[in-house]
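Predicted, not measured: the structure shown is a model, and the values here were computed from it. Below, chain A is the first sequence line, B the second, and so on; all start at residue 1.
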Amino acid sequence: MSETVPPPHPIAERHFDHSAIEAKWQGVWAAERTWEVPREADPADARPRAYVLEMLPYPSGEPHIGHLKNYAIGDAIAHFKRRNGFQVLHPMGYDAFGLPAENNAIKTGTPPRVATDASIASFQRAFRSWGISIDWSREFGTHTPEYYRWTQWIFLQFYERGLAYRKESAVNWCPQDQTVLANEQVVNGHCERCGAAVELRQLEQWQFKITDYADRLLDDLDTIDWPEHVKTQQRNWIGRSQGAEVQFRCTANGRDYTVFTTRPDTLFGATFFVMAPEHPDVLRLAAGGPHESAVRDYVNHALSESSEERGSAEKTKTGVPLGTTVTNPVTGEEIPMWVADYVLMEYGTGAVMGVPAHDERDHAFARAYDVPIRRVVASEVDELPYTGDGPLVNSGRFDGLHNRDAYGEIVGWLARQGIGRASTNYRLRDWLLSRQRYWGCPIPIIHCPDCGLVPVPEAELPVRLPDIDEYQPKGQSPLAAATDWVNTTCPRCQGPARRETDTMDTFVDSSWYFIRYCDARNDTAAWERRLVDAWMPVDQYIGGVEHAILHLLYARFFVKALADIGLLGFQEPFRALFTQGMILGPDGSKMSKSRGNVISPAPLVARYGADAARTYILFIGPPDQDAPWNESSLEGVHRFLTRLWRQSEELVALGARVEAGGAGVGWGLDTGGAARPTDDLTLLRKTHWAVDKVTHDLDGRFAFNTAVAALMELVNELYRHPDATPAVRAFATATAASLLFPFAPHVACEVYERLTGERVWEQPWPVADPDFLTAEQFELVCQVNGKVRARVPAPTGADRERLEELAFAAPGVASHTDGHEIIKVIVVPDKLVNIVVRQGAP
RNA sequence: GCGGCUGUGGCGGAAUUGGUAGACGCGCAGGCUUCAGGUGCCUGUGUUCUUUGGGACGUGGAGGUUCGAGUCCUCUCAGCCGCACCA
């Protein structure tokens, strides 16, 4: 049973009718297309530009509360920028391809396109009902032929330059989703999307050559204003490590096998050699040897295991000797070759040298199989493995050299012998982009028995996704069954040929959408560079941390590749990034259907209004942190909006009006503060204080919560001074509305219009008058030995002597200083006096 | 294990450069308004002692620097997130 919802309050006069107010202003913005910016900039428009963007939503069902938070933050920033003289691009679109719609189709038979379009319609309604200031003229879904035509075009640009290629390799296969996955989509051996344990399969798949960009993706992180934890995650993901390649000659077949090592200084301690089970030479090397069948069994077992089963660092090391040896190039010793699953084929060369004295994994392996362990780095402790620094021992002519120095010496020696060199390795692997599923962008390639892979000619784009009846995947894309579509002619030889039936990973669609927004209706090109360069990079990007690696890394790769092709004039897509925290359920845990703690935006907006819902979400706490939902606090925010609105009602009844304007001064009020009655002056001061506070909180600080708190203080102050001059109260109320506009645009517009007759979004952001920011008196804090003993009024700007005098005279101070020796007195002007006395008996 | 983040009242959270800890909101208590109300308004609200003047304690814990520490330094505990056999 869900909690009974109390009946709505009868709308008394003192409650504002949020539904009517929100409908009114949403109508104005829709009819006047208020938030559109023209494709071609007006040359007379000298305003600087700002591109504010929230991550585009995946349209599935109805928007959830996380969407509301994302777009409330973005909208506040967009409005603040606009009111501060920027021309702001703030568009919206839908990441509309993807598995949930397709899985739904398998279950219900509803075509993905139908379900997706229905969901998009509900997102559109929601965004309008929330009053988000979107440039609707640039809206699109990534599943429309008008968009994916250009996704395909970009793919072909990459293909022509070797950035998109086919490769057979061990790939991650999700048995649940029946498709391969990119590395980034495997989390702890499980499918990032559905959670099924991922298997390894040897398949030929389409890949993007993101590894070509590893260095730039890493180094350019220093040029962007992103949260440090996101940069760190990307750095770790790319995983650049410096080391050396060393060749070991096999005594059986005379071939050289190369290993990558970060510790060439420990080469003399290499007492064995290990290959990954997937290494192509493993079975060949074991053939005819004493362990041939054991090796075969071991390899087969390893290959059949899921990446989860294969395990982690804690797992006991296992392996089988191949029965052959390699020569340690520096000692000349023959050392045994092994196959072991702790060596990964995907990293380095798929083979490693085993240095059990100075590597934890090699040590564990050597202990398990009684392989000799030889210390080559001396240390004070006897315990092995020792991974620290020290002078070399047992290392021939390098003995005595510090290992850090020996590193370069040994690499140099290897290079001169032609058996090694300095080298850099990366954890990052190429982006596997093909998916054996239907609801994605078709890969515009034709397989011709004679010509091989042939790109679809540009003039024939888009390759349209055909309608199908059977969505169930069977190890290959459901598209393979669409024979009319699959069978085609080769563009090169005109012979019979087949279309590629795999579709693209949906992360491809979202890797360039932010570019398309700059020229969204172009039907002759993906974009015109001049228009894109005018807006990009995105000045402020806002989204969830869950995309720290996936989307944000892919988008960066796309921009760099497209810039290299000459299509873009910048290197990074998102100059600044803000990652929002999650809204948790009222119980403090992550919202989920199974927990039954999901809060939906629609009923909230209906009951409290979009303004209250948005303002509450921003008030709840720092927006980059998680925070639990609390409906009572939302009611508090609604109460605050009501209190503001009621002030305007009362003032309108009194006939109070003020001139619209942003400066604060020149609103028909004289600034001769001191001459005014106390009520007026206090209210004016509070108003200017709020202008100053909200401006600073919004200006790059994302401190929406304290900005809202300041506005609450201002409104409370209004209630405390009902006797202030109506004009002053109107000024304070209109200013509060003006400052509130980025959070609660509808009620802000209504209040502002009632008091000024103007539209608040057409007014510049208010500017605080410094004359009102300082009072002629302040509260002097009087401390003795750091403890507050009194607070007394003191004149602002008083000199040290005067403040000291006041402090000593303050009531309650003398009893703590009398009879004690005064050691010194600290005076902080306009703030405090601290009297330091000797402790103990007088 | 490595890397990162966070610990402040009953709750969410405030606190530019070290300078009044607890802004603002919720909750709670009391009062006023109201035929009534889950409405509105006002007041109070860290803990504790108190002779009702005030005092002591207080930002996960322990030390330290300083006239003064939520803030800086060292150690430590707890929770969350990311990576996890990457040679």
Syn within 90° of 0, anti beyond: G9(B) is syn

- Task: Applying ring-ring contact (aromatic ring centres under 6.0 Å, His included), run through Phe248(A) and Tyr257(A) and close with a yes or a no.
- Result: CA-CA 5 Å; Phe248(A) 286 72; Tyr257(A) 290 103; 9.9 Å; no

Within the structure provided, determine whether Glu192(A) and Val186(A) are in side-chain contact (heavy-atom separation under 4.5 Å).
no

Please give the distance between the C1' atoms of G37(B) and C32(B) as a whole number of Å.
16 Å

Between C42(B) and U48(B), how many Å separate the two C1' atoms, rounded to a whole number?
29 Å

- Item | Same-atom distance (P) from U43(B) to U52(B), integer angstrom | 27 Å

Closest of C83(B), U17(B), G68(B) to the Asn834(A) side chain is G68(B)

| request: Compute whether any side-chain donor of one residue and acceptor of the other, for Tyr347(A) and Ser241(A), lie under 3.5 angstrom apart. | output: yes

Sorted by position of nearest nucleotide on RNA chain B, 5' first, the leading residue of Asn425(A) and Gly621(A) is Gly621(A)

Residues passing the ring pair (Phe, Tyr, Trp, His ring centres under 6.0 Å) test with Tyr426(A), sequence neighbours excluded, are none

- Message: Students often get this wrong, so: under 4.0 angstrom with heavy atoms, is Asp626(A) touching a base, only sugar-phosphate, or nothing?
- Response: sugar-phosphate

Give a yes or no answer on whether the side chain of His696(A) reaches the backbone of Asp692(A) with a donor-acceptor pair at less than 3.5 Å. yes

Would you indicate what Ile620(A) reaches in the nucleic acid, counting non-hydrogen atoms under 4.0 angstrom: base, sugar-phosphate, or nothing? sugar-phosphate

Let's go through Leu553(A) and Ile210(A) carefully: what are the C-alpha distance in whole Å and the side-chain angles of both, what is the deciding distance for side chain to side chain contact (heavy atoms under 4.5 Å, CB included) to 0.1 Å, and is it a yes or a no? CA-CA 9 Å; Leu553(A) 190 67; Ile210(A) 192 171; 4.3 Å; yes

Checklist line | Arg789(A) vs U20(B): side-chain N/O to OP1/OP2 distance below 4.0 Å | finding: no

Of the candidates A15(B), C85(B), G4(B), the side chain of His229(A) sits closest to G4(B)

- Message: For the backbone of Ala548(A) and the side chain of Gln234(A), can you confirm whether one donor and one acceptor N or O come within less than 3.5 Å of each other?
- Response: yes

Listed range with range, the stems formed with RNA chain B by at least 3 consecutive Watson-Crick or G-U pairs (under 3.5 Å) are B:1-7 with B:77-83, B:10-12 with B:24-26, B:27-32 with B:40-45, B:46-49 with B:54-57, B:60-64 with B:72-76

Kindly say if Arg646(A) contacts the phosphate of C41(B), meaning a side-chain N or O under 4.0 Å from OP1 or OP2. yes

For nucleotides 23-32 of chain B, 5' to 3', base contacts (B), sugar-phosphate-only contacts (S) and non-contacts (-) with protein non-hydrogen atoms under 4.0 Å give BBSS------

- Message: Using a heavy-atom cut-off of 4.0 Å across all strands, would you classify Gln783(A) as base, sugar-phosphate, or nothing?
- Response: base

Closest to the side chain of Pro622(A), out of A87(B), A14(B), G4(B), is A14(B)

Checking all strands, does Tyr616(A) fall into the base, sugar-phosphate, or nothing category for heavy-atom contacts under 4.0 angstrom? nothing

*Hey, does the side chain of His721(A) reach the backbone of Asp723(A) with a donor-acceptor pair shorter than 3.5 angstrom?*
no

Review point. Looking across every strand, which nucleic acid part, if any, lies under 4.0 Å from Val352(A) by heavy atom: base, sugar-phosphate, or nothing?
Key: base

Among G12(B), C41(B), C83(B), the one nearest any side-chain atom of Pro628(A) is G12(B)

To the nearest angstrom, the CH2-P distance between Trp237(A) and A84(B) comes to 6 Å

Paired with His638(A), the ring pair (Phe, Tyr, Trp, His ring centres under 6.0 Å) test is passed by just one of Phe16(A), Phe619(A), Tyr616(A), namely Phe16(A)

In whole angstroms, the gap separating P of G19(B) from CD of Glu779(A) amounts to 17 Å

Inset, instruction - For nucleotides U8(B) and G70(B), find the distance between their C1' atoms and express it as a whole number of Å. - result: 7 Å

| request: Report yes or no: is the cationic atom of Lys317(A) (NZ for Lys, CZ for Arg) closer than 6.0 Å to the six-membered ring centre of Tyr342(A), at no more than 45° off its axis? | output: yes

Under 4.0 Å, counting only non-hydrogen atoms across every strand here, what does Val343(A) touch: a base, just sugar-phosphate, or nothing? base

Looking for any heavy atom pair under 4.0 Å, which part of the strands does Glu228(A) touch: base, sugar-phosphate only, or nothing? nothing

Item to check | Main-chain N/O of Phe743(A) paired to Arg614(A) side chain as donor or acceptor, under 3.5 Å | outcome: yes

Q.
Please confirm whether the shortest side-chain N or O distance from Arg643(A) to OP1 or OP2 of C41(B) is below 4.0 Å.
A. yes

To the nearest angstrom, the CZ-C1' distance between Arg791(A) and G19(B) comes to 12 Å

Check your understanding: Is the closest side-chain heavy-atom distance between Val230(A) and Ile549(A) below 4.5 Å?
Key -> no

Taken to the nearest whole Å, CG/Leu711(A) to P/A14(B) is 16 Å

Rounded to whole Å, CZ of Phe702(A) lies from P of G13(B) at a distance of 19 Å

If only side-chain N and O atoms of Ser241(A) are considered, is one of them under 4.0 Å from the OP1 or OP2 phosphate oxygen of A87(B)?
yes

G53(B) glycosidic conformation (syn if within 90° of 0, otherwise anti) is syn

Rounded to whole Å, CE of Met345(A) lies from C1' of C85(B) at a distance of 16 Å

message = Between Gln783(A) and Arg789(A), is the side chain to side chain donor-acceptor pair (under 3.5 Å) condition met? List the steps.
response = CA-CA 5 Å; Gln783(A) 297 181 329; Arg789(A) 296 300 177 187; over 6 Å; no

Name the nucleic acid region contacted by Arg240(A), choosing base, sugar-phosphate or nothing; use a 4.0 angstrom heavy-atom cut-off, strictly under. nothing

The residue, Val788(A) or Met353(A), whose nearest nucleotide of RNA chain B is more 5′ is Val788(A)

Q. Which whole number of Å gives the distance between the C1' atom of U65(B) and that of U50(B)?
A. 35 Å

- Please state the P separation for the pair G12(B) and C80(B) - nearest whole angstrom. 16 Å

To the nearest angstrom, the CG-P distance between Asn236(A) and C2(B) comes to 14 Å

If you measure from the P atom in U51(B) to the same atom in A15(B), how many Å do you get, rounded? 39 Å

Separation of G18(B) atom P from Lys831(A) atom NZ, nearest Å, is 11 Å

* Considering only the C1' atoms, how many Å lie between G10(B) and G44(B), rounded to the nearest integer? -> 16 Å

Between Lys787(A) and C57(B), is there a side-chain N or O to OP1/OP2 distance below 4.0 Å?
yes

For Lys824(A) and C67(B), is the shortest distance between a side-chain N/O and OP1 or OP2 below 4.0 Å? yes

